[in-house]
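Here the structure is a predicted model, which means the values were calculated and not measured.
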Amino acid sequence: MHLTEQAAQSFAVQWIDAWNRHDLPAIMELYSDNIRFYSPYIIKLGMNDLGVITGKDELEKYFGKALGIYTDLHFKLNEVLTGADSVILYYKSVSNRMAAEMMGLDESDRISLVKAHYHG
C-alpha cells in the first residue's frame, strides 16, 4: 500500500483529535488487533519492564491508565512525515515533551506497529 501525503495528514488529524477528546473508543478504532506498541512510558507507568505491548486489549488498558493519570493531556501536532506504509507524527505530548511516533499501518489502514520516542 502507498500512503499519500494527504491521507497521512488526515490520519494524523484524526489521531490527535481522538486523543485530545480523551475518547478511548475512538483512539482504539485506529489500532489493529495485532498491534505491537513500543514506548518508554509502558515501563514508567508500570505496565511491564520490556516497554512493549502486544495486542489491542493490553493496549487499551495502557491507554486507559495513561488517560487516567494525565487528565490534562493535550497533544499539539507539529509535523507529519509520510512513508510508504507508515507515518511519523512529531507532536508536543504530556508535560510539553516533544514526541515522535513511527506508526506502521496494515492493509486496513489501522496502526499495527508503533515505536514512540520522547525528548527529555
Side-chain angles (χ1 to χ4, degrees):
M1 155 197 335
H2 175 70
L3 187 65
T4 67
E5 190 171 329
Q6 182 179 7
Q9 287 288 338
S10 176
F11 171 83
V13 168
Q14 182 182 7
W15 186 87
I16 291 283
D17 179 61
W19 276 102
N20 285 346
R21 287 185 288 115
H22 296 209
D23 186 342
L24 188 55
I27 293 166
M28 295 311 300
E29 270 299 307
L30 300 170
Y31 292 84
S32 166
D33 291 340
N34 300 318
I35 182 71
R36 284 182 301 133
F37 190 99
Y38 296 82
S39 173
Y41 273 90
I42 293 168
I43 298 167
K44 287 180 185 180
L45 297 185
M47 295 298 292
N48 67 48
D49 294 334
L50 302 174
V52 61
I53 287 174
T54 56
K56 200 168 181 177
D57 290 341
E58 282 300 306
L59 187 65
E60 187 168 11
K61 290 177 191 171
Y62 168 63
F63 287 166
K65 184 172 188 175
L67 287 171
I69 292 170
Y70 300 104
T71 56
D72 61 347
L73 177 143
H74 183 83
F75 294 159
K76 181 176 183 257
L77 185 63
N78 283 0
E79 193 72 40
V80 179
L81 306 175
T82 308
D85 63 355
S86 62
V87 296
I88 294 175
L89 303 186
Y90 182 56
Y91 63 98
K92 189 171 282 189
S93 182
V94 296
S95 304
N96 286 324
R97 295 176 78 190
M98 293 309 299
E101 290 194 28
M102 187 289 299
M103 301 175 177
L105 303 178
D106 67 14
E107 54 282 341
S108 300
D109 292 334
R110 294 219 186 325
I111 305 165
S112 58
L113 172 66
V114 173
K115 295 211 175 182
H117 303 79
Y118 299 91
H119 183 263

TODO: Verify, without hydrogens or angle tests, whether Ser32 (side chain) and Asn34 (backbone) share a donor-acceptor contact under 3.5 angstrom.
DONE: yes
- [ ] Report yes if the side chains of Ile111 and Phe11 come closer than 4.5 Å at any heavy-atom pair, otherwise no.
- [x] yes
Open item on the list: Rounded at 0.5 Å granularity, tell me how far CZ in Arg110 sits from CD1 in Ile35.
Closed with: 11.5 Å
TODO: Would you confirm whether His22, through its side chain, and Leu73, through its main-chain N or O, come within 3.5 Å as a donor-acceptor pair?
DONE: yes
TODO: Can you measure from NZ (Lys76) to CD1 (Ile16) and round to the nearest 0.5 angstrom?
DONE: 10.5 Å
Task: side-chain hydrogen bond (donor to acceptor under 3.5 Å, both in side chains) against Trp19, all qualifying residues, sequence neighbours excluded - done: none
Task: Listed partners of Gln9 passing side-chain hydrogen bond (donor to acceptor under 3.5 Å, both in side chains), at least two apart - done: none
Open item on the list: Please tell me whether Val80 and Phe75 are part of a single hydrophobic cluster in this structure, the criterion being side-chain heavy atoms less than 4.5 Å apart.
Closed with: yes
Task: Min side-chain heavy-atom separation Ser86-Ile88 under 4.5 Å - done: no
Open item on the list: Under 4.5 Å between side-chain heavy atoms, counting indirect links through other Ile/Leu/Val/Met/Phe/Trp/Tyr residues: same cluster for Tyr62 and Met28 or not?
Closed with: yes
TODO: Compare every heavy atom of Gly68 with every heavy atom of Thr71, then report the nearest pair and how far apart it is.
DONE: CG2-O, 3.3 Å
TODO: Check whether Tyr38 and Leu89 end up in the same hydrophobic cluster, where Ile, Leu, Val, Met, Phe, Trp and Tyr are linked by side-chain heavy atoms less than 4.5 Å apart.
DONE: no
TODO: Evaluate the criterion side chain to side chain contact (heavy atoms under 4.5 Å, CB included) for residue pair Met98 and Lys92; output intermediate values, then yes/no.
DONE: CA-CA 5 Å; Met98 293 309 299; Lys92 189 171 282 189; 4.1 Å; yes
Task: Spacing of CG belonging to Asp85 relative to CG belonging to Leu105, to within rounding of 0.5 Å - done: 7.0 Å
Task: Heavy-atom pair of closest approach, residues Ile42 and Gly51 - done: CD1-O, 3.4 Å
Task: Non-neighbouring partners of Asn78 that pass side-chain hydrogen bond (donor to acceptor under 3.5 Å, both in side chains), sequence neighbours left out - done: none
- [ ] Would you name the heavy atoms of Val114 and Met103 that are closest together and state the gap between them?
- [x] CG2-CG, 4.2 Å
Task: Pairwise distance CG(Asp109) to CG(Leu3) - rounded to 0.5 angstrom - done: 7.0 Å
Open item on the list: To check you understand the geometry: which heavy-atom pair defines the closest contact between Ala99 and Ser93, and what is its length?
Closed with: CB-CB, 3.8 Å
TODO: To the nearest 0.5 Å, tell me how far Ser39 OG sits from Leu59 CG.
DONE: 10.0 Å
Task: Point-to-point distance, once rounded to the nearest 0.5 Å, from CZ of Phe63 to CG of Leu24 - done: 8.5 Å
Task: By side-chain hydrogen bond (donor to acceptor under 3.5 Å, both in side chains) - contacts of Glu101 (at least two apart) - done: Tyr91
Task: Residue pairs fulfilling side chain to side chain donor-acceptor pair (under 3.5 Å) with at least one residue in residues 48-59, sequence neighbours excluded - done: Glu58-Lys61
Task: Within one Ile-Leu-Val-Met-Phe-Trp-Tyr cluster: Leu30 and Leu81, side-chain cutoff 4.5 Å - done: no
Task: Pairs touching residues 92-120 that satisfy ring pair (Phe, Tyr, Trp, His ring centres under 6.0 Å), sequence neighbours left out - done: Tyr41-Tyr118
Open item on the list: Are Met102 and Tyr90 linked, directly or through intermediate hydrophobic residues, by side-chain heavy-atom contacts shorter than 4.5 Å (ILVMFWY only)?
Closed with: no
